[in-house]
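Only one structure is covered here, and it is reproduced in the block below.
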Amino acid sequence: MFLLKEKRLYLRNEEEKFEGTAYARQVVRDIRFSTDARDFGYIAENIPCQDACPVHTNIPGYIRCIFENRNGRSYELNRMVNILPGVLGRICSRPCEARCRHGESDLGEPVKICHLKRAAADHKHAGHRISENLFAPSGKTVAVVGSGPSGLGAAHDLAALGHKVALYESMPRPGGMLMYGIPEFRLPRDLLMLEISNILRLGVVLHTGVAAGRDISLKDLLKKYDAVVLATGTLSPNELGIPGESLPGVLSGLDFMMRVNQGETPAVGERVAVIGDGFTAMDCARTCMRFGANEVTVNIRKTEEFMPVDEHEIFEAKFEKVKIIGLVNSVRILGKDRVEGIVFERNRLEFSRTGAGRDAVPISNSEFEVPCDTVIAAIGQNPATDFNDVKFKLDGHRIFTKKGTHATSVKNLFAAGDCNTGASTVIASIAQGRRCAHEVDALFAGRRRKTMLVRFEPAEQTGRQRAWDFIPPVPMPAADRSARLADYRNEVEQGFTPEQAFEESKRCYLCYLKYEINVDRCIYCFACIDVAPRDCIKMIHDVAIKPSGAYGDFVQTRDWTDVRAIAIDNKRCIRCGKCYEVCPTQCIHIIKTELIEQDLEA
Amino acid sequence: MPKNDHYVIIGNGPAGNAAADTLRASDKLARISIISDEMFTFYYRHRLPEFLTGAMDADALTVRPYTVYKDNNVRMRLGQCVERIDPADKTLYLKHMEKVHYTKLLIATGGRAFTPPHLAPFRDSLCFMTRYTDALQLKPRIHDAQSILILGGDLISLNVQQQLLKAKKTVYFALNPDSFWPLKLTPGMAARIQKSLEKKGVASCVAGDIQDIARRKNGKLEVTLDSKCAFTVDLVGCFMGLTPNIEFILGSGIDTERGVLVDDRLRTNFPDVYACGDCAQIYNPALKDYWVSVGWHNAELQGRTAALNILGDNKVIKPLKQGVLEVEGLKVNTSWWKKF
């Protein structure tokens with residue numbers, strides 16, 4: 001751990017600034033930075049939302065900015081690590097919400113983190129200034145193949161690090177799956193293009209309609225550029241492998257969505273059976289409802305509980321009258337000249353051999369027929385990795401990279417995103433692309449130029465009120481059913497108003513604030529324990545240390561002779577601040593604890 | 001059986017009570033607890049429409065008095081809500097922060113009114129009734145209301161409209177043939193039900209689903225259906241079937257789909273945890289489908305079977321033989337519904 005004195009300039013308040021009487025007062029604070037494993041371990045356990053986010057977005061930080069009506073700053077806190085906040089505020093898979101401490105047993109429901117991200121993007125003022133930390137030009141050139149989330153992540157960071165980036169995209173518009181995979185009613189295209197243009201403004205040269213391996217060879221790219229990053233995603237849909245799959249009327253989910261997003265309106269008929277349980281399956285089903293289908297079913301092998309999509313997505317599909325049929329397995333597709341129906345068999349669930357999750361096991365003699373006009377198979381996709389001229393090692397269908405790196409088996413050729421990991425989420429792909437960019441940069445610079453640190457800053461009492469813990473989640477305003485179905489492009493979620501965003505922001509516990517008792521000043525009066533709303537302040541004998549070096553659980557004791565300290569268990573603490581208020585010796589400190597990306601000097 | 005067994009039954013309906021009776025008959029010493037989040041003792045749920053309109057008083061709803069449980073040494077815990085189950089630890093967590101350990105658990109929580117997701121935006125304007133407390137709250141509003149629109153998506157809605165007509169209310173009926181519970185209505189069947197209802201005195205019976213509900217200044221509700229029909233009424237009752245009461249189970253590791261998934265011996269995927277009645281979902285080889293059984297008779301039968309298996313028997317629950325159910329003059333073949 002090392003100590004820096006950081007000088008910060010503050011304007012006294014907003015009114016003074018606008019009245020033109022602003023003056024700056026200088027505040028010197030002890031800011032500490034740490035690379036200690038215990039501090040990273042603290043972040044992982046005590047700020048679970050940030051830990052769950054693949055790019056480690058400072059979630060409590062940006063929610064607090066919304067509370068303070070600093071939407072621009074909130075947007076920038078997002079954009080530092082997640083280059084498409086407005087996009088992700090609409091379509092993120094929300095791993096953070098699944099781990100939000102407000103959703104723990106007895107604490108209510110998770111904070112609507114994703115909706116707040118969108119609110120910051122929606123309500124930042126029109127003249128908002130984008131912040132970029134730019135490095136001096138390096139003179140190195142990099143080709144990024146694929147302009148999906150991982151390609152954009154890689155291109156952004158490479159350009160910011162000073163390299164000349166050419167971004168190749170086989171389709172007419174950039175964005176990859178964001179542009180061609182996700183339906184417009186979830187993600188408006190003008191917003192997507194705006195956030196992509198923020199990346200291109202760094203000097204990234206975009207070549208659309210150019211497919212590597214078809215219009216330009218990978219060999220030529222490797223010759224022309226100092227490094228090449230493959231971020232080609234997963235464009236090869238999995239097949240059902242059942243009889244009748246080649247009949248007209250059987251579509252792959254990916255092809256269907258790509259056709260729709262290029263302006264086609266495929267005829268789907270009255271009854272559609274979608275097979276698959278992921279986001280693509282749900283998107284296909286909801287799209288079919290907009291194209292005139294009367295009965296759309298999503299057929300899944302297990303049950304809703306095991307679907308990889310969140311509850312919110314399931315609700316929206318059902319709201320639009322999509323039916324989810326659980327415990328079925330497709331057996332064969334029926335029809336002469338085109339699809340007329342599909343035969344399923346019933347499944348039962350069994351504990352999987354690995355002990356994690358369940359296996360769907362078909363029940364014998366349980367086949368049944370369902371009439372339908374269209375079958376859409378959305379059962380995942382694999383990377384299309386055939387570049388002919390350059391042979392690189394594969395790991396199954398995916399591009400092989402050396403363990404813990406993005407380097408392929410070919411010199412100066414890197415791979416990131418779904419083509420490397422298999423189909424994942426948008427936010428995970430962005431994280432992959434960015435990590436790959438830093439690896440390419442390290443190749444050029446001969447060292448890492450950025451690293452992650454834990455930053456500690458003394459903080460003041462937040463003014464959070466206990467009553468805010470009982471505010472129910474603010475529902476996302478949404479278009480009614482008729483408006484949704486009237487036009488494929490009509491956005492379903494309307495976004496929080498500033499007032500709704502403020503209300504929702506109050507619910508965040510601000511887990512990045514660490515409450516600590518200074519044992520040297522504590523007089524063991526128990527006043528803090530008396531006012532604590534939960535068992536978050538403990539008499540402890542010892543603290544366990546995990547193999548990773550991180551602090552583990554407190555070893556509690558009730559025997560006074562054994563008590564070595566009274567400590568705040570930040571995993572139980574809900575940051576109500578009551579202990580801070582009642583402490584007669586002011587021995588409780590609040591420390592803002594953040595995971596940040598920092599430049600590394602040579 | 002060891003004498004320190006604790007059989008816990010969640011749910012105080014016909015399945016839970018039949019199970020408790022069977023358990024006590026075979027095991028005089030074991031502790032038996034029934035936990036229910038309702039405050040009222042075991043009652044006839046299917047008679048709630050009569051209670052709602054004042055045709056029956058509360059005492060007549062009661063199946064058995066509280067003293068019976070005392071006599072049978074069954075501990076009745078009313079008004080206590082199970083928040084979650086830890087089947088690995090054989091522990092129930094109640095909402096009031098109490099832990100209850102069990103040796104064998106029977107989940108018999110029944111069903112509650114189902115609100116189709118597309119009706120969620122109108123929830124505040126709709127009335128629901130599956131429990132005694134619902135009926136108790138709704139009763140004065142029914143008394144004051146002159147005109148009532150029934151969103152008829154299930155057999156209970158037919159029962160309610162009959163009682164409302166008897167109480168001299170103006171009843172409108174919006175039949176939802178697409179998702180009628182628990183029968184699948186063909187257009188022909190729907191048309192015949194509509195005709196039959198109008199004959200019996202329903203002011204208007206149309207097929208359709210809600211498009212919009214607006215509250216007027218005089219307090220009345222203006223309901224527009226997707227068939228473009230509009231009604232101005234005092235109350236809108238929503239009867240769109242039942243959904244199993246299983247929220248507290250989600251995340252416990254006990255497998256659920258629409259209901260708690262059980263095998264033909266009513267066992268869940270965890271040893272010593274059983275489920276029966278309207279909350280259990282069983283694969284029916286004859287139908288080639290999973291089915292949540294409905295009805296008092298089925299619930300009692302399943303409750304008894306589950307109890308025998310808890311006691312160490314190996315009884316298989318068999319689908320009932322096919323029978324005929326009469327719905328508004330229509331005879332429907334059914335193998336799972338005999339009567340309320």
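Letters A, B, ... are given to chains in the order of the sequence lines, protein chains preceding strands, and every chain is numbered from 1. We use all heavy atoms of the structure for the numbers below, so side chains are in, but hydrogens, waters and symmetry mates are not.
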Subject >> Ring center gap for A/F319 and B/H118 short of 6.0 angstrom >> reply: no
[X] with [Y]: basic N within carboxylate O range, under 4.0 Å:
| X | Y | value |
| --- | --- | --- |
| A/E320 | A/R484 | yes |
| A/R99 | A/D51 | yes |
| A/R346 | A/E367 | no |
| A/R271 | A/E340 | no |
| A/R348 | B/E257 | no |

Original post:
Between B/L119, B/L250, B/T256, B/D263, which residue shows the highest count of heavy-atom pairs closer than 4.5 Å to chain A?
Top reply: B/T256
With a 4.5 angstrom heavy-atom cut-off, which part of [X] approaches chain B: side chain, backbone, both or neither?
| X | value |
| --- | --- |
| A/K321 | side chain |
| A/D480 | neither |
| A/N347 | backbone |
| A/E305 | side chain |

**OP:** Measure B/F270 against the heavy atoms of chain A and call it side chain, backbone, both or neither at under 4.5 Å.
**Re:** side chain
Original post:
Under a 4.5 Å heavy-atom cut-off, does chain A meet the side chain of B/D289, its backbone, both or neither?
Top reply: both
**OP:** Look at A/L327, A/L349, A/I324 and state which one has the largest set of heavy-atom pairs under 4.5 Å with chain B.
**Re:** A/L327
Original post:
Taking A/K302, A/E316, A/E350, A/R358 one by one, which has the highest count of heavy-atom pairs under 4.5 Å against chain B?
Top reply: A/R358
Subject >> residues 80-93 of chain B: residues contacting chain A (heavy atom under 4.5 Å, by number) >> reply: B/E83, B/R84
Original post:
Judged by modelled atom types alone, do B/R267 and B/N309 share a side-chain donor-acceptor pair under 3.5 Å?
Top reply: no
Subject >> Between B/Q211 and B/D226: side-chain donor-acceptor atoms closer than 3.5 Å >> reply: no
Original post:
Of all residues at least two apart in sequence or in a different chain, which pass the side chain to side chain donor-acceptor pair (under 3.5 Å) check with B/N176?
Top reply: none
Subject >> Side-chain donor or acceptor of A/N490 paired with backbone N/O of A/S482 under 3.5 Å >> reply: no
